[in-house]
Amino acid sequence: MNITLRVWRQANAQAEGRMVTYQVQDVSPDMSFLEMLDLLNEDLTVKGEEPVAFDHDCREGICGMCGVVINGTAHGRGESPVPTTTCQLHMRSFEDGATIDVEPWRAGPFPVIKDLAVDRSAFDRIIQAGGFISANTGAAPEAHAAPVGKLQADRAFDAATCIGCGACVAACPNSSAMLFTAAKITHLAMLPQGQPERYSRIKTMIATHDAEGFGGCTNIGECAEVCPKQIPFDTISQLNRDLIASLFKKDGK
């Protein structure tokens, strides 16, 4: 396959960016999208040009590091109707001779580090604000001491699959991180261990979400459409219910 790439190049958050066109030849249909970018960077390095910076780590679809907007869609569209991560998107999803636009996540809270790499540490600060449970030293109960209903356990596991890639923010017209925040809140809200701090948790996490500059949710649903782990959209409903409840309840009650 021969591919024409139009890649966003930007030195840093303050620099002016632009789309630069590259030709990538001899691309195997079985390559992942990131492997294709590796091929591009090898060619640029041989020519003495600056390689394209992009985020990656496990390349197995489980770490959440990869993430670019491909032809206007976060992570791109593969052969399957089920969304996937960029590292699991294969070049057979594109036609030979295709022109592909590649851009970084575009959101104020995700400033560009360089080219396609963005700073997603705002997610870390949302987690630090309340995405945890407290256990006194030496007082942690035996894991099986507190029974959990199957429906609650299934919902907690579904929410816990969020890998924090940021596709939800990139896809949302408001740059909202509500799907990410809701997944973390719902995960703990369904478990007995999450109850002692349930209502203070949601207050601090939502306050941090807003302080970081993420927009509000207007129920458009684009976030769930591109989520590679298919986090249920109704986790945001769970978040809203708990947020309202937090106005009238205290932790542990």
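Start at 1 with the first residue, then count along the sequence. Values below: every heavy atom of this structure, side chains too, minus hydrogens, waters and symmetry copies.
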Worksheet item: Would S176 and H209 count as a side chain to side chain contact (heavy atoms under 4.5 Å, CB included) if you check the C-alpha gap in whole Å, the side-chain angles of each, and the deciding distance to 0.1 Å?
Response: CA-CA 9 Å; S176 175; H209 170 282; 4.0 Å; yes
Mind checking whether [X] and [Y] sit in one hydrophobic cluster, side chains of I, L, V, M, F, W, Y counted as touching below 4.5 Å?
X	Y	value
I163	V226	no
M19	V102	yes
I113	V52	no

Practice prompt. Determine whether the side chains of R241 and S237 contain a donor N or O and an acceptor N or O closer than 3.5 Å.
Written response: no
Over all atoms of both residues, closest heavy-atom pair of [X] and [Y]:
X	Y	answer
M91	M36	SD-CB, 3.8 Å
A159	A183	CB-O, 3.3 Å
P228	A167	CD-CB, 4.5 Å
D242	A189	OD2-CB, 3.7 Å
L34	C87	CD1-CB, 3.6 Å
T73	R77	CG2-NE, 3.8 Å

Item to complete: Please report the C-alpha distance between M1 and M31 in whole Å, then the side-chain angles of each, then the deciding distance to 0.1 Å, and finally whether the side chain to side chain contact (heavy atoms under 4.5 Å, CB included) criterion is met.
Response: CA-CA 11 Å; M1 298 175 64; M31 281 183 174; over 6 Å; no
Is there a side-chain contact between [X] and [Y] (heavy atoms, below 4.5 Å)?
X	Y	result
E35	R59	yes
V27	F94	no
R198	K249	no
D234	R155	yes

Discussion item. Closer than 3.5 angstrom, by distance alone: can the side chain of S175 be matched with the main-chain N or O of G215 as a donor-acceptor pair?
Written reply: no
Using the rule side-chain contact (heavy atoms from CB on, under 4.5 Å), only one of [options] pairs with [X]; which is it?
X	options	result
T4	D101, I100, T99	T99
H75	C227, C165, P83	C165
L5	V20, L37, T21	L37

Worksheet item: Just wondering, are more than 12 heavy atoms of other shown residues or ligands nearer than 6.0 Å to CZ in F132?
Response: yes
Just verifying a value: how many Å separate [X] [atom1] and [Y] [atom2], rounded to the nearest 0.5 Å?
X	Y	atom1	atom2	value
Q193	I133	CD	CD1	5.5 Å
K229	C168	NZ	SG	14.0 Å
H90	S28	NE2	OG	9.5 Å
D115	Q10	CG	CD	8.0 Å
C66	D57	SG	CG	9.5 Å
L40	F54	CG	CZ	8.5 Å

Fill in: K114 with E50: basic N within carboxylate O range, under 4.0 Å
yes
Practice prompt. Carefully, step by step, assess D43 and K47 under the rule side chain to side chain contact (heavy atoms under 4.5 Å, CB included).
Written response: CA-CA 6 Å; D43 185 53; K47 293 178 179 178; 3.2 Å; yes
Worksheet entry | Pairing residues for V148 by the side chain to side chain contact (heavy atoms under 4.5 Å, CB included) criterion, not counting sequence neighbours | Q152, A153, L191, P192
Practice prompt. Could you work out the complete set of other residues in the hydrophobic cluster of M205, with links drawn between I, L, V, M, F, W and Y side chains under 4.5 Å apart?
Written response: V69, W105, F110, V112, V118, F123, I126, I127, V169, M178, L179, F180, I185, I202, I206, F214, I231, F233, I236, L239, L243
